[in-house]
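Report on the following structure.
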Amino acid sequence: LLHSGYVNSNGFGLAFMGLDATYSHDVVGMTTSLRFGDAANRLIGQAGNIGIENIWQAYGTWTPSDELTLDIGQFATIY
């Protein structure tokens with residue numbers, strides 16, 4: 001079987017492009033990973049038109065002490 005996922009391509013093709021950003025300050029931080037392109041919805045899944053269809057993962061980090069770090073948000077994995 002031939003793969004026909006990119007039959008509209010006329011040469012070079014880019015399935016998706018990513019942007020990863022991380023910010024950290026003292027006890028709080030943030031990580032965001034965005035994916036853009038034709039194949040991004042295959043990676044992320046269909047989110048509908050609610051404004052989060054390009055977010056691969058986004059989470060906040062809170063470190064109240066040296067022994068405890070909490071991450072809260074949307075992750076790229078279930079593990």
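Residues take their numbers from the sequence shown, with the count starting at 1. On a predicted model such as this, the values are computed, not experimentally measured, just so you know.
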Pairs flagged by salt bridge (charged side-chain N to carboxylate O under 4.0 Å, His left out) wherever residues 15-33 is involved - sequence neighbours left out: Asp20-Arg35
Partner set under side chain to side chain contact (heavy atoms under 4.5 Å, CB included) for Thr69, not counting sequence neighbours: Thr61, Thr63, Asp71
Mind checking what makes side chain to side chain contact (heavy atoms under 4.5 Å, CB included) contact with Thr22, not counting sequence neighbours? Thr31
Checking one residue: Tyr23. Which other hydrophobic residues are in its cluster under the side-chain 4.5 Å linking rule? none
Measuring from atom OH of Tyr59 to atom OG of Ser33, what distance do you get when rounded to the nearest 0.5 angstrom? 7.0 Å
Sequence-distant partners of Phe36, ring pair (Phe, Tyr, Trp, His ring centres under 6.0 Å), two or more places apart: none
Using side chain to side chain contact (heavy atoms under 4.5 Å, CB included) as the criterion, list what pairs up with Ile72, not counting sequence neighbours. none
If hydrophobic residues (ILVMFWY) are linked whenever their side-chain heavy atoms come closer than 4.5 Å, directly or via other members, who joins Leu70 in its cluster? Val27, Val28, Trp62, Leu68
